[in-house]
Q: 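Take a look at this one; I'll ask things after.
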Amino acid sequence: MKILVAVKQVAALDEDFEIRANEKDVDEDFLLYDLNEWDDFSLEEAMKIKESGTTEVEVVVVSVGPDRVDESLRKCLAKGADRAIRVWDDSIEGSDAIAIGRILAAVAKKEAPDMIFAGVQSSDQAYASTGISTAAYLNWPHAAVVADLQYQAGNKSAVVRRELEGGLLQEVEINCPAVLTIQLGINKPRYASLRGIKQAAAKPIEEVTLSDIGLSGADVGAGNSMSHVRRMYIPAKGRAEMIEGTIAEQAAKLIQIMNEFKGV
Amino acid sequence: MRLANSATALVNLALKARDPYSATAVYSIAEGKQKHQLKELMFGKRRDALALARWEHTPASVLEALCSTSDDAIVVRLDKNQNTPTLAISKLYVAENQRSKCSTSLTVLVAQHRHASPSILKNIAQFESEEASVLALSKNLAANSEVLSILLGRFESSSILAALQKNISEHPSTSSQLLEQLYEKGDVYVKAAVIGHANCPLQLIDKALLEENVLIQRQLASDKRLSHEVISRLSLHQDKSVRCAVASNVIASRRVIKALVSDDSDMVRRAIASRLDLTAHVISRLMNDQDVWVRQKLARNPTVSFGVLDKLSKDLQADVRRGVARNSRCPIKLLHLLAKDEDYWVRAAVAYQHRTPKQLLEELAGDTAVDVLSGVANNPNTPQRLLKKLTFSVEADVRRGVILNPSATRFTLLPLLEDDYYLHRLMLVGNSKLKDKDKWHLCFDPDYQVRFTAFKYFAVHFIKSI
């Protein structure tokens with residue numbers, strides 16, 4: 001039994017930052033990288049299944065990204081994942097979430113997992129579509145925003161509770177293999193032990209190229225994506241002013257401001 | 001790795017680690033060539049320099065070393081970082097003023113910085129006209145009375161006067177003289193703030209007695225210089241917030257409190273329940289109060305008798321019973337009773353209570369609730385044998401309880417140096433029960449915050465020995 005957990009190294013922003021000259025992203029000097037918060041919960045859910053049953057479960061984490069992503073994959077290995085795969089080729093740069101889903105599906109076809117977990121969304125881009133597009137490319141059933149999972153390794157189906165608007169929960173039985181996008185709060189993610197961190201440092205990270213998974217540059221990248229970032233910018237802030245004084249003074253000031261706007 | 005035996009050896013280790021955070025921890029003990037090498041390590045990459053300029057733990061000496069930069073993004077972060085020392089802020093301010101185009105936002109950051117020197121703040125007060133900078137300065141706790149006085153004088157006929165008056169009336173450095181001016185010219189909010197100010201002169205208190213506004217009366221009712229006659233009058237005020245202020249005022253007489261104990265407002269009776277001068281009559285009224293918070297506050301009151309606590313320990317509301325268990329004078333007999341309470345939150349209060357005896361803590365150590373176990377782990381009366389067992393709890397809160405326990409010995413704490421949670425390892429760096437040789441390996445911890453704290457701990461050793 002194998003569970004594939006798709007993870008992403010996300011960028012966090014400081015309070016002050018600068019946009020790159022091409023106006024399509026934030027200057028990398030201002031970004032702090034870490035494992036996507038949702039993916040911490042996905043991995044923990046996989047680890048729970050691995051540790052709870054009698055069936056042997058292999059947890060494999062996969063990520064699409066450059067060398068720096070190894071740091072996040074090692075974090076997953078330190079928490080107990082058995083293997084880590086990183087897919088990268090310079091032609092992947094600029095791929096949208098759907099193209100990333102295509103890459104993950106290609107990895108899944110090679111790995112043949114029994115389940116795929118992904119976070120509901122990434123905290124930096126928030127498209128919330130990578131997991132779902134992976135399911136679409138695989139033609140697998142999927143459930144999004146999973147807040148509870150009842151599943152034992154080897155089962156033909158799983159029962160999930162999906163979080164809906166207004167505090168509603170929807171209980172769904174889903175055939176396996178399936179892709180589940182996992183919601184925050186479904187479990188309590190563990191901290192990596194010092195022993196786990198030391199062991200993870202020695203474990204290899206499998207570096208996979210596009211050709212290894214049957215894809216080429218023609219399948220990925222900005223040019224082969226369905227959506228493109230045109231511009232990233234900080235919207236102009238609206239003006240706000242606290243009007244002090246007595247009620248009469250405040251009313252007079254309001255009338256003055258309205259007249260100024262009307263050009264009276 | 002052997003313990004470093006000199007400052008040079010410690011700095012060499014930080015350099016060898018190639019970690020900018022460890023480098024910042026030892027920068028203040030480095031000299032000559034090592035100092036240059038550390039600078040290269042910390043500021044060589046722009047993203048590291050940006051991160052360190054913003055980090056709330058970056059030592060002042062490192063921030064000062066950064067302030068000669070011409071990188072605007074770093075300058076903004078230095079101006080914002082509350083650790084940036086006075087000298088560095090002064091240099092940044094001078095450099096910003098020498099530019100052909102001085103940035104308003106940077107002046108605002110200097111004006112609100114807690115380490116800005118009095119001379120710079122005075123300079124801003126005298127010459128800066130930008131509203132944002134002036135308002136930021138009026139809220140800066142480093143501003144002295146002279147600076148505040150200059151501001152109030154310069155902007156007397158400005159549109160920001162009302163906001164300025166409000167900020168200065170709440171500023172702790174505002175002098176009595178300035179408060180008098182503010183009281184004469186300010187609106188009702190300013191007047192109320194002036195009356196509530198620690199430097200408010202007595203003559204203003206007398207003036208405020210003639211005011212009818214509730215905000216002013218409320219501040220007045222908290223003042224400890226009032227006469228008994230005024231306090232009695234305010235205790236009859238129609239606004240409950242004024243009566244509540246009287247109920248909290250230590251100078252309110254027993255007669256006034258006796259009258260207020262029957263007040264319609266829960267808020268007033270809650271304030272009375274926390275007083276340390278309650279009479280038997282008042283206590284008996286409060287004991288049977290309909291409001292849970294009144295009974296809860298009475299249960300926490302260290303002046304009430306055993307009989308009162310005994311009755312409150314049988315209250316139907318768990319919060320009241322918990323109040324009894326948390327009372328610093330709670331009798332052992334009641335702690336035994338409350339240790340068996342059906343509500344885990346009450347049992348947790350017994351576990352945290354410093355009067356709880358060893359035998360009872362042994363019983364509570366068998367509890368399944370995390371909060372109860374955390375209390376046992378925190379309690380200095382817990383036997384060492386139990387503490388050792390709790391260091392292996394799966395719950396981080398329980399293990400942290402042992403780290404915080406002042407009675408935990410070195411041998412109890414040793415396994416926690418390998419704790420999964422980085423914060424626990426970080427907390428142990430400063431623990432006096434552990435020896436330096438126990439903590440040394442934390443300099444090479446996987447977490448950068450733990451490494452920084454450990455290197456800083458050892459660097460301080462060498463500073464002390466110089």
Side-chain angles (χ1 to χ4, degrees), chain A residues 11-20 26-35 40 44 47-48 51 68 71-72 74-75 77-80 187-202 234 237 239-250 252-254 256-257 260, chain B residues 45-56 71-81 105-106 109 131-132 135 158-167 186-190 213 370 394-397 399 415-425 441-442 444-448 450:
Chain A
L13 271 185
D14 270 347
E15 196 182 329
D16 312 295
F17 55 87
E18 290 170 7
I19 305 278
R20 287 180 199 173
V26 173
D27 185 331
E28 199 160 358
D29 281 347
F30 293 84
L31 299 177
L32 304 168
Y33 295 108
D34 202 357
L35 183 65
D40 240 345
E44 184 63 32
M47 291 306 299
K48 274 172 63 186
E51 290 164 356
R68 61 171 161 75
E71 193 187 332
S72 294
R74 291 219 183 276
K75 196 171 172 181
L77 289 170
K79 289 184 179 204
N187 52 43
K188 193 176 167 188
R190 68 193 66 191
Y191 287 96
S193 66
L194 287 177
R195 193 163 155 255
I197 292 168
K198 278 177 196 157
Q199 286 174 345
I234 304 162
K237 282 181 186 164
R239 281 195 301 150
E241 183 186 348
M242 186 64 82
I243 301 172
E244 305 271 354
T246 63
I247 302 285
E249 286 166 349
Q250 289 175 20
K253 179 74 179 170
L254 264 178
Q256 184 197 336
I257 292 169
E260 277 170 17
Chain B
K45 290 182 190 158
R46 187 180 183 230
R47 60 181 292 118
D48 288 338
L50 281 164
L52 292 175
R54 179 192 169 274
W55 197 40
E56 66 268 36
D71 187 326
D72 286 348
I74 293 175
V75 169
V76 169
R77 288 169 181 226
L78 289 173
D79 276 338
K80 279 189 177 179
N81 195 321
S105 61
L106 290 178
L109 294 175
E131 291 181 1
L135 289 174
S158 156
S159 61
I160 60 165
L161 181 65
L164 210 51
Q165 285 176 328
K166 185 172 161 288
N167 292 345
D187 62 17
V188 68
Y189 301 103
V190 171
N213 183 276
V370 177
V394 291
E395 293 291 341
D397 290 349
R399 301 197 304 276
L416 291 166
L417 285 164
E418 302 289 323
D419 199 279
D420 292 353
Y421 190 22
Y422 80 94
L423 185 64
H424 289 175
R425 303 195 298 274
H441 74 279
L442 295 174
F444 314 98
D445 195 274
D447 186 274
Y448 74 95
V450 178

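Predicted model only: the values in this text are computed from it and were never measured. So you know, we letter chains A, B, ... as the sequences are listed, proteins then strands, and number each from 1.
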Q: Do A:Asp27 and B:Arg46 come within less than 4.5 Å of each other through their side chains, counting heavy atoms only?
A: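 In short, these two side chains touch, coming nearer than 4.5 Å.
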
Q: Once rounded to the nearest 0.5 Å, what's the spacing between atom CG of B:Asp420 and atom CZ of A:Arg195?
A: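 Nearest 0.5 Å value for the CG-CZ distance: 11.0 Å.
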
Q: Need one label for A:Lys253: side chain, backbone, both or neither, based on atoms under 4.5 Å from any heavy atom in chain B.
A: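 Contact with chain B involves no heavy atom of A:Lys253 at all.
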
Q: Between A:Glu28 and chain B, with a heavy-atom cut-off of 4.5 Å, which part of the residue counts as in contact: side chain, backbone, both or neither?
A: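 Interface part for A:Glu28: both.
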
Q: To the nearest 0.5 angstrom, please state how far the CZ atom of B:Arg77 sits from the CZ atom of A:Phe30.
A: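 Between B:Arg77 CZ and A:Phe30 CZ, I get 5.5 Å after rounding to 0.5 Å.
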
Q: Verify the neighbour count for atom OH of B:Tyr189: are there more than 12 heavy atoms of other residues, nucleotides or ligands below 6.0 Å?
A: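 Result for OH/B:Tyr189: open.
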
Q: Around atom CD of A:Glu71, are there more than 12 heavy atoms of other residues, nucleotides or ligands at under 6.0 Å?
A: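 Not buried by this count: 12 neighbours or fewer within 6.0 Å.
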
Q: Output the option from A:Ser193, A:Ala78, A:Ala201 having the highest count of non-hydrogen pairs under 4.5 Å with chain B.
A: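 So the answer, after comparing A:Ser193, A:Ala78, A:Ala201, is A:Ser193.
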
Q: With a 4.5 angstrom heavy-atom cut-off, is it the side chain or the backbone of B:Asp445 that approaches chain A, or both, or neither?
A: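 Just the side chain, heavy atoms under 4.5 Å.
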
Q: Which answer fits A:Ile197, side chain, backbone, both or neither, if we ask what part of it has an atom under 4.5 Å from a heavy atom of chain B?
A: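 It is the side chain, since no backbone atom gets that close.
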
Q: Could you give the distance from CG (B:Leu135) to CE (A:Met242), rounded to the nearest 0.5 Å?
A: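 Going from CG on B:Leu135 over to CE on A:Met242, the span is 12.0 Å.
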
Q: Find out whether A:Asp16 and B:Lys80 are in side-chain contact, i.e. whether some heavy atom of one side chain is under 4.5 Å from a heavy atom of the other.
A: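 They are in contact (side-chain heavy atoms under 4.5 Å apart), so the answer is yes.
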
Q: Give, for atom CG of A:Asp29 and atom NZ of B:Lys45, the distance between the pair rounded to the nearest 0.5 Å.
A: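 The NZ atom of B:Lys45 is 10.5 Å from CG of A:Asp29, to the nearest 0.5 Å.
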
Q: How far apart are the closest heavy atoms of B:Glu418 and A:Leu194, and which atoms are they?
A: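 Taking B:Glu418 first and A:Leu194 second, the nearest heavy atoms are OE1-CD1, 3.4 Å.
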
Q: Is B:Leu417 in contact with chain A via its backbone, its side chain, both, or neither, using a 4.5 Å heavy-atom distance?
A: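 Contact with chain A involves the backbone of B:Leu417 alone.
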
